[in-house]
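In this text the structure is predicted, and so the values were computed from the model without any measurement. Just so it is clear, the values below take in all heavy atoms, side chains as well, and ignore hydrogens, waters and symmetry mates.
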Amino acid sequence: MRTFACHCGNTLFFRNLGCARCGRQVNFLPDQQRLSAVAPAADGTLVPVSPGAVVRPYRQCHNQLQHQVCNWLIPAAEPTAMCVACRLNRTIPDLSIPGNLELWQRLEVAKHHTVYSLLQLGLPVLDQQCDPVNGLAFEFLADSTPDSEFTEPLYSVPPVVTGHDNGVVTINLAEADPVARTRIRRDMGEGYRTLLGHFRHEVGHYYWQQLVAGSGDLAGFRNRFGDERADYGTALQAYYAQPTPRQVPPQYISAYASSHPWEDWAECWAHYLHMVDTLETAADFGLHINDRLLEHRPDPETPVPIGNPGDDLAAMLEDWHRLSVAINALNRSMGAEDPYPFVITRGVEEKLEFVYRIIARARRRPGLEY
């Protein structure tokens, strides 16, 4: 995630609602892919005033006006009350319950970050009101009892399961509680579990359905990830029957990726987004490691044949190795856990190359950009 600039010259960050130096309101402009300071116009709309921003009228998202969970704007000509990210919500938490608003705010930060990455990659971001068949939707649900798999076992009430089903991504609200999330990460023997990781993983399932299933790339997918026609429920049951911590086979990015080809794809998709976004941050800050500027991010406009990565992708993987080793070492110096406890083998690289090629093809398809 890159930084942005206020009209006063101060640095702005993606989550900012205002400038700490001049106090001006700041908002994200999804159609321009930038955060900008804004000023009110005579007709009640907002206009961007940061350097480089195209001056045109915008309106605030309903979720910003009513709940302060969004800092994105809507082009004034669009006949909608929600921004492109908030239009994806099908169900939000019950805000009459104390604490739910704060948890929802955390979910929205991770979701908006995810949507930013999707737009940056030129992927289609369609809500189900716009396209009931191919649209994406989010449901943020809480377990119907105070006890859940995050605290105590449930015996009579089925818990809310984070996952994807035919375009609908469900996130258990308890995932936004860092204590609960840490507990389940420990119980499941996972080295990494974050809200942003959940969103990236689950939208990976959605984009597999949209971009791979039924396409000419399905044979290539099966050649690298396996046959997705294997019974999914049985595969997950076998995976969870294994003791924790689970071993990671060398051809997989994580133990969970080995459970089923769909999960292997979703894990690789999420890691591709991790790499692109984190390297964008490193490049924005001018980060060097061993006198090398970390700036390589693959250009999705350039097609990459399967098994023959372009120079950009190869450079990205090399930079990612340097950066991930460095940030793990920095965390250890602070007594913290490794933020990236994974190893990218050659087998995983081939899968990431496939993900890259699918994204490149989707971006070049007309009519899919936001």
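Residues Glu353 and Tyr356 are not in side-chain contact: their nearest non-hydrogen atoms beyond the backbone lie 4.5 Å or more apart. Side chains of Thr281 and Leu287 form no contact here, defined as non-hydrogen atoms less than 4.5 Å apart. Residues Phe342 and Ser324 form no side-chain contact, since every pair of their non-hydrogen atoms from C-beta on lies 4.5 Å or further apart. Residues Glu139 and Val169 have side chains not in contact (no heavy-atom distance under 4.5 Å, counting atoms from C-beta outward). Proximity of Leu65 to His62: side-chain heavy atoms (C-beta onward) are nowhere separated by under 4.5 Å. Side chains of Val212 and Trp265 form a contact here, defined as non-hydrogen atoms less than 4.5 Å apart. Using a 4.5 Å heavy-atom threshold, the side chains of Gln210 and Leu136 count as separate. Side chains of Pro93 and Leu103 form no contact here, defined as non-hydrogen atoms less than 4.5 Å apart.
Among residues two or more places apart in sequence or in another chain, the side-chain contact (heavy atoms from CB on, under 4.5 Å) test is passed with Pro57 by Thr45, Ala76. Not counting sequence neighbours, Gln242 has no partner by the side-chain hydrogen bond (donor to acceptor under 3.5 Å, both in side chains) test. The side-chain hydrogen bond (donor to acceptor under 3.5 Å, both in side chains) check on Lys351 picks up Asp264, with sequence neighbours excluded. Residues passing the ring-ring contact (aromatic ring centres under 6.0 Å, His included) test with Tyr252, sequence neighbours excluded: none. Applying the ring-ring contact (aromatic ring centres under 6.0 Å, His included) rule to Trp320 yields the partners Tyr340; only residues at least two apart in sequence or on another chain are considered. Residues that satisfy the side-chain contact (heavy atoms from CB on, under 4.5 Å) test with Ala255, not counting sequence neighbours, are Tyr239, Arg246, Val248. Ser96 pairs by the side-chain hydrogen bond (donor to acceptor under 3.5 Å, both in side chains) definition with Asp94, not counting sequence neighbours. In terms of the ring-ring contact (aromatic ring centres under 6.0 Å, His included) criterion, residue partners of His67 (sequence neighbours excluded) are, by chain and number, Trp104. Taking the side-chain contact (heavy atoms from CB on, under 4.5 Å) definition, one finds that Thr80 meets it with Ile74, Glu78, Met82, Arg87, sequence neighbours left out. When the ring-ring contact (aromatic ring centres under 6.0 Å, His included) test is applied to His112, the partners found at least two apart in sequence or on another chain are Trp72.
Grouping the Ile, Leu, Val, Met, Phe, Trp and Tyr side chains by contacts below 4.5 angstrom, directly or via other members, places Leu294 with Ile327. Residues Val109 and Ile171 do not share a hydrophobic cluster, clusters being chains of Ile/Leu/Val/Met/Phe/Trp/Tyr side chains in contact below 4.5 Å. The hydrophobic clustering, which links ILVMFWY residues whose side-chain heavy atoms are closer than 4.5 Å, places Leu196 and Leu107 apart.
When all heavy atoms of Pro249 and Gln247 are compared, the closest pair comes out as CD-O, 3.4 Å. Nearest heavy-atom pair across Arg200 and Ser117 is NH2-OG, 3.8 Å. Heavy atoms only, all atoms of each residue included: Ala362 and Leu123 are closest at CB-CD2, 3.8 Å. Heavy atoms only, all atoms of each residue included: Asn331 and Glu337 are closest at ND2-O, 2.7 Å. Minimum interatomic distance between Pro339 and Asn328 (heavy atoms only, all atoms of both residues): CD-OD1, 3.1 Å. Residues Val26 and Gly18 share a closest heavy-atom pair of CG2-N, 3.4 Å.
Connectivity analysis of hydrophobic side chains (ILVMFWY, heavy atoms under 4.5 Å, direct or indirect) links Phe13 to Phe285.
Atom CG of residue Leu173 and atom CG of residue Asn100 lie 5.0 Å apart, to the nearest 0.5 angstrom. Within the model, atoms CD1 of Ile358 and CG of Asp217 stand 3.5 Å from one another, a figure rounded to the nearest 0.5 Å. Residue Arg186 holds its CZ atom at 14.5 Å from CZ of Arg181, rounded to the nearest 0.5 Å. The structure places OH of Tyr272 at 5.0 Å from CD1 of Ile359, a figure rounded to the nearest 0.5 Å. Atoms SG and CG, from Cys83 and Asn63 in turn, are 7.0 Å apart once rounded to the nearest 0.5 Å. Remark: Ser254 OG to Glu263 CD distance equals 9.0 Å, nearest 0.5 Å.
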For Glu102 and Arg106: C-alpha separation, side-chain torsions, deciding distance, then whether salt bridge (charged side-chain N to carboxylate O under 4.0 Å, His left out) applies.
CA-CA 7 Å; Glu102 180 183 0; Arg106 295 174 186 169; 2.6 Å; yes

Evaluate side-chain hydrogen bond (donor to acceptor under 3.5 Å, both in side chains) for Gln120 paired with Asp277, printing each intermediate quantity in order.
CA-CA 9 Å; Gln120 283 284 85; Asp277 189 66; over 6 Å; no

When you look at Leu273 and Leu118, which way does the side chain to side chain contact (heavy atoms under 4.5 Å, CB included) test go after all the steps?
CA-CA 9 Å; Leu273 266 60; Leu118 300 176; 4.3 Å; yes

Could you walk me through whether Asp143 and Asn172 pass side-chain hydrogen bond (donor to acceptor under 3.5 Å, both in side chains), step by step?
CA-CA 7 Å; Asp143 291 307; Asn172 190 317; 3.2 Å; yes

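Ion pairing of Glu318 with Arg292 is present here, as a side-chain N (NZ or NE/NH1/NH2) and a carboxylate O approach within less than 4.0 Å. Taking the charged nitrogens against the carboxylate oxygens, Arg185 and Glu190 have no contact shorter than 4.0 Å, which rules out a salt bridge.
Between Tyr116 and Phe14, the ring-plane angle classifies as tilted under the 30° and 60° cut-offs. Relative orientation of the Trp262 and Tyr232 rings is tilted, given thresholds of 30° and 60° on the angle between their planes.
Side chain of Asn89 to backbone of Ile92: no donor-acceptor contact under 3.5 angstrom is found. Under a 3.5 Å cut-off, the side chain of His260 and the backbone N or O of Leu236 do not form any donor-acceptor pair. When atom types are taken as modelled, the side chain of Ser36 and the backbone of Ser50 share a donor-acceptor pair closer than 3.5 angstrom. Using a distance-only test at 3.5 Å, with no hydrogens or angles considered, a donor-acceptor pair links the side chain of Gln32 to the main chain of Val54. Judged purely by atom type and a 3.5 angstrom limit, Gln68 uses its side chain to pair as donor or acceptor with the backbone of Gln64. Although no hydrogens or angles enter the test, the distance criterion places no donor-acceptor pair under 3.5 Å between the side chain of Arg222 and the main chain of Asp227.
For residues 6-21, no pair satisfies salt bridge (Lys or Arg N to Asp or Glu O under 4.0 Å), with sequence neighbours left out.
Taking the ring centroids of His274 and Tyr192, they lie under the 6.0 Å cut-off.
The number of heavy-atom neighbours closer than 6.0 Å to NE2 of His321, taken from other residues, nucleotides and ligands shown, is 12 or below. Other residues, nucleotides and ligands contribute at most 12 non-hydrogen atoms within 6.0 Å of the CG atom of Asp165.
With Phe199 as the partner, the ring-ring contact (aromatic ring centres under 6.0 Å, His included) test is satisfied by one option alone out of Trp269, Tyr206, Phe138: Phe138.
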